[in-house]
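Below you'll find the structure, written out as structure tokens, and then a few comments.
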Number of protein chains: 2
Amino acid sequence: MHEGQPASTYPATLSEVAKLARVSVSTASKAINGRGDVSEETRRRVVETADRIGFTPNQLARSLLAGRTGTVGLLTSDLEGRFVLPILMGAEDAFGAGQVNVFLCDARGDAIREQHQLKALLKRRVDGIIVVGRQTDARPSLGHSLPVPVVYAYAPSEDPSDVSLTPDNEAGGRLAIEHLLSCGRSRIGHITGDPSYAAAHDRARGVRQALGAAGLELRGEPMFSEWSERWGRDAAAMLLDQHPDVDAIACGSDQIARGVLDTLRDLGRRVPEDVAVIGYDNWEVLTTNARPELTSIDANLQQLGRESALALFKAMGPNPAQGTDGVRHLPVRLVIRGSTIARR
Amino acid sequence: MHEGQPASTYPATLSEVAKLARVSVSTASKAINGRGDVSEETRRRVVETADRIGFTPNQLARSLLAGRTGTVGLLTSDLEGRFVLPILMGAEDAFGAGQVNVFLCDARGDAIREQHQLKALLKRRVDGIIVVGRQTDARPSLGHSLPVPVVYAYAPSEDPSDVSLTPDNEAGGRLAIEHLLSCGRSRIGHITGDPSYAAAHDRARGVRQALGAAGLELRGEPMFSEWSERWGRDAAAMLLDQHPDVDAIACGSDQIARGVLDTLRDLGRRVPEDVAVIGYDNWEVLTTNARPELTSIDANLQQLGRESALALFKAMGPNPAQGTDGVRHLPVRLVIRGSTIARR
DNA sequence: GAAACCTACGAAACCCTTTTCGAGAACTCT
DNA sequence: AGAGTTCTCGAAAAGGGTTTCGTAGGTTTC
């Protein structure tokens with residue numbers, strides 16, 4: 001039973017190729033990499049031999065010599081969170097096209113574990129690190145004594161001299177309100193999530209700004225509690241009880257918005273005719289399945305991942321970090337669906 | 001401006017440590033790794049020096065020599081899919097404790113890209129590969145000519161001589177029905193998703209088996225269409241129209257179940273008193289926010305990830321693959337909530 | 001005081017590839 | 001025919017660490 005390729009034994013080395021092709025190792029190397037002076041005939045012979053025995057250059061040896069590995073570490077504090085995934089995709093995307101591979105490390109939100117993972121990444125000589133947090137609250141810096149550049153995505157670093165990229169939640173809040181205003185609404189309430197999240201306050205601030213700019217005021221105070229449908233249902237009931245005249249509700253998350261929609265339906269209010277509803281996050285499984293489909297704010301997380309990768313690339317390059325430090329707030333995007341504008 | 005640690009330049013090498021500690025490289029190596037004969041005094045001096053200049057052993061050099069890198073490739077065909085994530089976590093978990101790091105590669109469901117990523121992983125001399133698919137349908141094998149062991153997770157390989165791990169959807173279908181039966185239900189309908197998915201048919205088969213074993217029949221045929229709330233709503237309306245006496249509905253996904261719940265509520269049927277509803281996947285954001293909370297089948301994906309990692313470990317070890325080939329169907333789990341049993 | 005033995009350390013080989021530089025061969029030119 | 005070019009190729013070093021083996025020095029034993 002002999003298959004075409006040898007199994008369970010690692011690919012041949014360059015010296016084996018060289019021996020079989022009856023040339024020196026150096027010539028074999030040059031032939032395969034298309035460098036140096038090698039006659040066409042020799043090159044052909046070497047490449048043929050390499051193909052025949054399934055030669056795969058050992059990237060370790062190459063990296064050792066080059067001083068760069070072409071790998072980056074993706075250090076996330078919480079894989080479970082649904083925000084890291086699109087970021088991860090974007091980063092993988094931006095790198096993947098080239099020669100860079102990604103080490104994925106999940107620290108489970110544990111600082112000790114994170115230090116452990118960091119050490120492991122440095123031992124493996126990654127060329128750079130992206131740190132992805134689960135919330136937009138600022139997180140401790142990894143410090144500046146690291147031998148590789150670091151970019152913080154989603155959760156910015158507390159240290160302003162680090163490079164951080166995070167979605168612009170304030171602009172998101174404004175965008176939501178501006179959309180509701182442009183739909184002719186003016187009696188607007190705001191139901192949002194856990195007050196321990198910076199995102200909740202940032203978005204609420206944006207909401208207030210946009211209302212203020214239009215000379216309007218929020219109906220009641222922003223309602224904080226938790227990021228759940230249940231809270232959305234309960235809060236909507238309270239809001240409508242205290243302010244029966246609201247014609248729009250801006251929500252801090254799509255889950256909350258789903259709960260709000262439920263309550264409105266139970267109370268016989270039509271959406272969007274009587275009350276317009278807008279969510280946040282554009283979590284497709286929630287927005288496109290809602291009745292009616294839910295208008296929402298999309299944080300462009302995949303784009304954020306790509307930008308993070310690009311920023312890291314830049315920092316890894318020859319002339320790194322020329323004033324690109326600090327927190328960059330990336331623009332968010334409005335996705336309009338049936339919960340704010342009636343279908344024709 | 002001189003910080004404690006040198007920045008932007010890679011950690012010192014062993015020879016620098018050796019020079020500063022006035023010993024040879026070999027002695028330094030032995031001192032740091034606790035091997036060989038080194039006097040206590042010398043060891044202390046070397047370790048101290050290493051700490052002082054922030055020496056970090058170069059894993060590349062080590063791997064090159066050892067012939068093993070302590071890395072594995074995680075080749076997923078679709079990062080977006082929500083099933084790969086827990087699997088990935090489980091695998092990361094099982095490896096992370098040790099010295100193994102994970103290369104994450106997303107092939108975007110593209111076979112060409114997959115081959116590309118595979119080549120890259122082999123160049124990097126990973127010790128093994130886990131292939132994670134997005135559906136439970138069988139996928140083409142990567143072949144047996146690879147120099148490293150491969151384990152297929154979620155989507156099994158078409159080749160029965162590969163090692164595959166996938167959730168037992170048939171058992172899941174049975175489990176759902178057995179639970180409904182034990183709740184005293186007997187007039188059961190089945191609404192499920194896209195008929196091009198093996199998962200839909202496997203679960204439907206399990207449903208039929210369990211009903212048959214109890215001497216019962218399904219109310220109507222299993223209803224296939226798509227994995228969405230919308231379909232759940234529409235299908236429930238149809239089912240109740242044709243079989244007004246159903247006292248339980250087994251759903252092919254939590255999304256479908258959410259839609260079913262909506263329709264039941266609209267039609268004034270009480271859940272679970274009049275009709276019990278069970279979902280599938282145990283997607284927490286959907287199940288715990290439903291009214292009432294949704295009973296569901298959990299595929300234990302994180303466990304599946306861990307098992308995959310373990311299987312790979314075994315295959316990477318000294319005596320690999322002794323009859324562990326083939327598709328292993330991992331057990332699923334029932335999670336009971338208010339949609340099948342009334343809260344006290 | 002010589003033989004036997006330990007201990008602590010260092011020299012060198014090895015892992016695999018790339019790159020530099022030098023050497024021989026073939027060829028051209030005068 | 002000798003000098004100068006141009007090609008083609010190989011020897012050797014480098015990259016950073018581990019491991020084997022040899023050796024110098026000191027200690028014990030008879």
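First the proteins, then the strands, lettered A, B, ... as listed; each starts at 1.
- Remark: P of C/dT17 and CD of A/E16 are 9 Å apart, rounded to the nearest angstrom.
- Applying the 4.0 Å criterion to OP1 and OP2 of D/dT19, one finds that B/R35 has a side-chain N or O inside that range.
- In this structure, the CG atom of B/N58 is 13 Å from the C1' atom of D/dT18, given to the nearest Å.
- In this structure, B/D37 atom CG and D/dG26 atom C1' are separated by 15 Å, rounded to whole Å.
- In this structure, A/T49 contributes its side chain and A/R45 its backbone to a donor-acceptor pair below 3.5 Å.
- Panel note: side chain A/R35, backbone A/K30; no donor-acceptor pair is recorded below 3.5 Å.
- Look at CG on A/L64: it is 13 Å from P on C/dT19, rounded to the nearest Å.
- At a cut-off of 3.5 angstrom, the base of C/dA8 holds no donor-acceptor pair with the side chain of B/T27.
- Neither OP1 nor OP2 of D/dG16 sits under 4.0 Å from any side-chain N or O of B/R62.
- Rounded to an integer number of Å, the gap from CZ of B/R43 to C1' of C/dC9 is 13 Å.
- Contact between the side-chain N/O atoms of A/S29 and the OP1/OP2 oxygens of C/dT18 is found at a separation under 4.0 Å.
- Between the side chain of B/K30 and the base of D/dG17, no donor-acceptor pair under 3.5 Å is found.
- The interatomic distance linking B/E41 (CD) with C/dC9 (C1') rounds to 13 Å, in whole Å.
- The CD1 atom of B/I32 sits 13 Å away from the P atom of D/dT19 (whole-angstrom rounding).
- For the pair B/L65 and B/V25, both in contact range of DNA chain C, the more 5′-proximal nearest nucleotide belongs to B/V25.
- Between B/S24 and the phosphate of C/dG10, there is a side-chain N or O to OP1/OP2 separation shorter than 4.0 Å.
- Side-chain atoms of B/S39 lie closest to C/dC9 of the nucleotides D/dG16, D/dT8, C/dC9.
- Among the nucleotides C/dT17, D/dG17, C/dC9, the one closest to the side chain of B/F55 is D/dG17.
- Not a single donor-acceptor pair under 3.5 Å links the side chain of B/S29 to the backbone N or O of B/V25.
- Residue B/F95 is tested with B/L74, B/V100, B/T71 for a side-chain contact (heavy atoms from CB on, under 4.5 Å); the sole match is B/V100.
- The side chain of A/S26 contributes no N or O atom lying less than 4.0 Å from OP1 or OP2 of D/dA12.
- Separating the CZ atom of B/R22 from the P atom of C/dA8 is a distance of 18 Å, rounded to the nearest angstrom.
- Residues B/L64 and B/R125 have side chains not in contact (no heavy-atom distance under 4.5 Å, counting atoms from C-beta outward).
- For the pair B/N33 and D/dT18, the criterion of a side-chain N or O lying under 4.0 Å from OP1 or OP2 is met.
- The phosphate of D/dG15 (OP1 or OP2) has no side-chain N or O of A/S63 nearer than 4.0 angstrom.
- Listed candidates were D/dG17, D/dC9, C/dT17. Nearest to the side chain of A/A61 is C/dT17.
- Put simply, the side chain of A/D127 gets close to the backbone of A/T69: a donor and an acceptor are under 3.5 Å apart.
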